Undergrad: 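I have a structure here, written as structure tokens, and I will follow up with some questions on it.
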Amino acid sequence: MKYVRFGIYTGKENMQIDSDLLDGAIKNQTDEPIIRLYGWSPKCVSLGRNQENINISEEIDIVRRVTGGRALLHDDEITYSYITPITLISEGESVSKSYRYISGILIDFFKTLGVDLTFGENKKVSTKFDYCMLISTGADVCYQGKKIIGSAQFRKNGYILQHGSILFGYDKNLLETLFHEKVSEENITTVKEILPNMTKELFIKKFEEYLKLKN
């Protein structure tokens with residue numbers, strides 16, 4: 001597995017890097033997965049590939065993802081991306097099974113931190129702009145029924161790009177201002193709530209150690 005070290009970039013840069021990594025893997029017919037962790041500066045809203053534009057009154061960066069799904073505010077989080085040939089995943093042609101395979105890597109990692117995560121249930125919460133973290137599907141990752149990782153996927157020429165947001169914290173007021181919906185603490189949790197002493201720097205270090213063991 002190839003690991004791209006953590007970096008902080010603008011929304012446009014992050015989406016371009018993921019797209020370039022996918023296109024490079026296709027061009028070179030890369031036969032191993034590529035995984036990347038990254039952050040965002042400034043904070044940014046990303047829209048899904050086929051999502052309609054939304055009216056946001058706040059001055060904030062907006063970018064469109066190559067992947068599907070709904071709007072996300074990228075702020076206090078670590079984002080991951082995972083690129084792989086479909087053939088490396090058992091029954092990888094199945095979208096749901098490939099989601100569970102890739103997200104299962106994150107679930108396995110969290111176990112090393114003493115945290116048991118599970119896949120979400122198909123439970124939709126009504127929200128005008130379909131803010132991603134309020135929508136729970138079987139492809140999402142939850143802690144005690146609350147969503148902590150939301151992911152989206154794109155397929156091209158026999159390869160999968162899946163990327164997603166690992167919440168460390170969130171600005172409830174900003175989310176409600178941006179998406180014009182109440183954000184319930186019953187639906188979302190964060191790394192900070194589960195592991196109060198976990199910093200992003202330590203999380204990244206432990207994830208890198210985890211990958212070395214897996215390789």
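What you see is a predicted model; the values in this text were computed from it and never measured. All residue numbers refer to positions in the sequence shown, counting from 1.
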Undergrad: Once side chain to side chain contact (heavy atoms under 4.5 Å, CB included) is applied, do any residues pair with Leu213, and if so which ones, sequence neighbours excluded?
TA: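 Listed in chain order: nothing, the list is empty.
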
Undergrad: Who pairs with Gln16 by side-chain hydrogen bond (donor to acceptor under 3.5 Å, both in side chains), at least two apart in sequence or on another chain?
TA: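 Per chain and number, Gln16 pairs via side-chain hydrogen bond (donor to acceptor under 3.5 Å, both in side chains) with Asp20.
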
Undergrad: For a quick test of reading the model, state the closest non-hydrogen atom pair linking Arg155 to Ser98 and the distance between them.
TA: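 So the two residues come closest at NH2-OG, 2.7 Å.
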
Undergrad: Which pair of non-hydrogen atoms, one from Thr84 and one from Pro33, has the smallest distance, and what is that distance?
TA: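 Closest pair (atom of Thr84, atom of Pro33, distance): OG1-CG, 4.2 Å.
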
Undergrad: Got a sec, which hydrophobics cluster with Val4, joining ILVMFWY side chains under 4.5 Å apart, including via others?
TA: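 Members besides Val4, by chain and number: Tyr9, Ile17, Leu21, Leu22, Ile26, Ile34, Val66, Ile83, Phe154, Tyr159, Leu161.
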
Undergrad: Is there a side chain to side chain contact (heavy atoms under 4.5 Å, CB included) between Ile89 and Tyr99 once you walk through the steps?
TA: CA-CA 10 Å; Ile89 299 175; Tyr99 262 114; over 6 Å; no

Undergrad: Quick test of your reading: applying side chain to side chain donor-acceptor pair (under 3.5 Å), list the pairs with at least one residue in residues 110-120, sequence neighbours left out, ordered by first then second residue.
TA: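 Non-adjacent pairs meeting side chain to side chain donor-acceptor pair (under 3.5 Å): zero.
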
Undergrad: Would Leu117 end up clustered with Leu37 when hydrophobic side chains under 4.5 Å apart are linked, directly or stepwise?
TA: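 The answer is yes; both residues are in one hydrophobic cluster.
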
Undergrad: Measure the CG-NZ distance between Asn157 and Lys27 for me, rounded to the nearest 0.5 Å.
TA: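 Spacing of CG (Asn157) from NZ (Lys27) equals 13.5 Å.
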
Undergrad: Report whether Leu88 and Leu211 are members of the same hydrophobic cluster (ILVMFWY, side-chain heavy atoms less than 4.5 Å apart, transitive linking).
TA: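 The answer is no; the residues belong to distinct hydrophobic clusters.
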
Undergrad: Just do the side chain to side chain donor-acceptor pair (under 3.5 Å) check on Arg36 and Thr79 with the steps written out, would you?
TA: CA-CA 8 Å; Arg36 178 169 87 100; Thr79 309; over 6 Å; no

Undergrad: Any link between Ile8 and Phe168 through a network of hydrophobic side chains (Ile, Leu, Val, Met, Phe, Trp, Tyr) touching at under 4.5 Å?
TA: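 Cluster IDs for Ile8 and Phe168 match.
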
Undergrad: Please tabulate, one pair per line, all N/O donor-acceptor pairs under 3.5 Å involving side-chain atoms of residues 199-206, not counting sequence neighbours.
TA:
{"residue": "Thr199", "atom": "OG1", "partner": "Leu202", "partner atom": "N", "Å": "3.0"}
{"residue": "Lys200", "atom": "NZ", "partner": "Asp76", "partner atom": "OD1", "Å": "2.9"}

Undergrad: Of all residues at least two apart in sequence or in a different chain, which pass the side chain to side chain contact (heavy atoms under 4.5 Å, CB included) check with Thr10?
TA: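 So Thr10 forms a side chain to side chain contact (heavy atoms under 4.5 Å, CB included) with Lys12, Glu13, Pro42.
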
Undergrad: Is there a donor-acceptor pair under 3.5 Å between the side chain of Asn187 and the backbone N or O of Lys146?
TA: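 No; judged by distance alone, with no hydrogens or angles, the pair does not exist.
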
Undergrad: With side chains defined as the heavy atoms from C-beta onward, is the minimum distance between Ile105 and Phe110 less than 4.5 Å?
TA: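 Of all side-chain heavy-atom pairs linking Phe110 with Ile105, none is under 4.5 Å.
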
Undergrad: When rounded to the nearest 0.5 angstrom, what is the spacing between OG in Ser103 and CZ in Phe119?
TA: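 Taking OG in Ser103 and CZ in Phe119, the distance rounds to 5.5 Å.
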
Undergrad: Could you check whether any side-chain heavy atom of Leu47 comes within less than 4.5 Å of a side-chain heavy atom of Arg64, counting everything from C-beta outward?
TA: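 A side-chain contact exists here, since the closest heavy-atom pair is under 4.5 Å.
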
Undergrad: Checking side chain to side chain donor-acceptor pair (under 3.5 Å) against His74, which of Ser46, Ser165, Ser41 comes through?
TA: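 Exactly one candidate clears the test, Ser46.
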
Undergrad: To the nearest 0.5 Å, what is the distance between CD1 on Ile148 and SG on Cys142?
TA: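 Reported value, rounded in 0.5 Å steps: 9.0 Å.
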
Undergrad: Partners of Tyr80 by side-chain hydrogen bond (donor to acceptor under 3.5 Å, both in side chains), sequence neighbours excluded?
TA: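 Partners of Tyr80 under the side-chain hydrogen bond (donor to acceptor under 3.5 Å, both in side chains) test: Ser151, Gln162.
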
Undergrad: Just verifying a value: how many Å separate Thr189 OG1 and Ile149 CD1, rounded to the nearest 0.5 Å?
TA: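 So the OG1 of Thr189 and the CD1 of Ile149 are separated by 11.0 Å.
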
Undergrad: Under the salt bridge (Lys or Arg N to Asp or Glu O under 4.0 Å) rule, collect the residues that match up with Glu208, sequence neighbours excluded.
TA: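 Arg5.
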
Undergrad: Do you know which two heavy atoms are closest between Ala152 and Thr67, and how far apart they sit?
TA: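 Taking every non-hydrogen atom into account, CB-OG1, 3.5 Å.
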
Undergrad: Would you say Trp40 ends up clustered with Val45 if hydrophobic residues are merged whenever their side chains have heavy atoms under 4.5 Å apart, either directly or through other cluster members?
TA: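 The answer is no; the residues belong to distinct hydrophobic clusters.
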
Undergrad: Please lay out, stage by stage, how Asp18 and Tyr38 fare under the test side chain to side chain donor-acceptor pair (under 3.5 Å).
TA: CA-CA 10 Å; Asp18 277 356; Tyr38 54 94; 2.7 Å; yes

Undergrad: Apply salt bridge (Lys or Arg N to Asp or Glu O under 4.0 Å) to Asp108 and list each qualifying residue two or more places apart in sequence or on a separate chain.
TA: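 Only Lys214 meet the salt bridge (Lys or Arg N to Asp or Glu O under 4.0 Å) criterion with Asp108.
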
Undergrad: Just verifying a value: how many Å separate Ile194 CD1 and Leu113 CG, rounded to the nearest 0.5 Å?
TA: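 Spacing of CD1 (Ile194) from CG (Leu113) equals 10.0 Å.
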
Undergrad: State, to 0.1 Å, how close Glu185 and Tyr170 come at their nearest heavy-atom pair, and which atoms those are.
TA: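 For Glu185 and Tyr170, the tightest heavy-atom pair comes out as CG-OH, 3.5 Å.
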
Undergrad: For the pair Asn28 (side chain) and Thr30 (backbone), establish whether a donor and an acceptor sit closer than 3.5 Å, ignoring hydrogens and angles.
TA: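 No, because the side chain of Asn28 does not come within donor-acceptor range (under 3.5 Å) of the backbone of Thr30.
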
Undergrad: Suppose we screen for salt bridge (Lys or Arg N to Asp or Glu O under 4.0 Å). Which residues come up paired with Lys156, at least two apart in sequence or across chains?
TA: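 By the salt bridge (Lys or Arg N to Asp or Glu O under 4.0 Å) rule, Lys156 matches Asp23.
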
Undergrad: Just wondering, do Met198 and Lys192 contact through their side chains at under 4.5 Å, heavy atoms?
TA: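 Not touching, per the 4.5 Å side-chain cut-off.
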
Undergrad: Rounded to the nearest 0.5 Å, what separates atom CG in Asp140 from atom CZ in Arg100?
TA: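 Rounded to the nearest 0.5 Å, the CG-CZ separation comes to 11.0 Å.
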
Undergrad: Go through it in stages, so that I can follow the logic: the residues are Val95 and Gln153, the test is side chain to side chain contact (heavy atoms under 4.5 Å, CB included), and I'd like the CA-CA distance, side-chain angles, deciding distance and then a yes or no.
TA: CA-CA 9 Å; Val95 173; Gln153 199 177 99; 4.0 Å; yes

Undergrad: Per the salt bridge (charged side-chain N to carboxylate O under 4.0 Å, His left out) rule, what does the pair list look like for residues 77-97, sequence neighbours excluded?
TA: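 Qualifying pairs, neighbours excluded: Glu91-Lys97.
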
Undergrad: May I have the step-by-step check of side chain to side chain contact (heavy atoms under 4.5 Å, CB included) for Leu167 and Val191, ending in yes or no?
TA: CA-CA 6 Å; Leu167 276 185; Val191 174; over 6 Å; no

Undergrad: How far apart are the closest heavy atoms of Ile188 and Glu193, and which atoms are they?
TA: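 Looks like O-OE1, 4.3 Å.
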
Undergrad: Mind checking salt bridge (Lys or Arg N to Asp or Glu O under 4.0 Å) for Glu176 and listing every partner two or more places apart, or none if nothing turns up?
TA: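 Partners of Glu176 by the salt bridge (Lys or Arg N to Asp or Glu O under 4.0 Å) criterion, ordered by chain and then number, come out as Lys172.
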
Undergrad: Taking Arg70's backbone N and O only, do any of them form a donor-acceptor pair with Arg65's side chain (distance below 3.5 Å, no angle check)?
TA: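 Indeed, once roles are kept as given, a pair shorter than 3.5 Å links the two residues.
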
Undergrad: Determine whether Val63 and Leu174 fall in the same hydrophobic cluster, where Ile, Leu, Val, Met, Phe, Trp and Tyr are linked whenever their side-chain heavy atoms lie under 4.5 Å apart.
TA: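 Val63 does not cluster with Leu174.
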
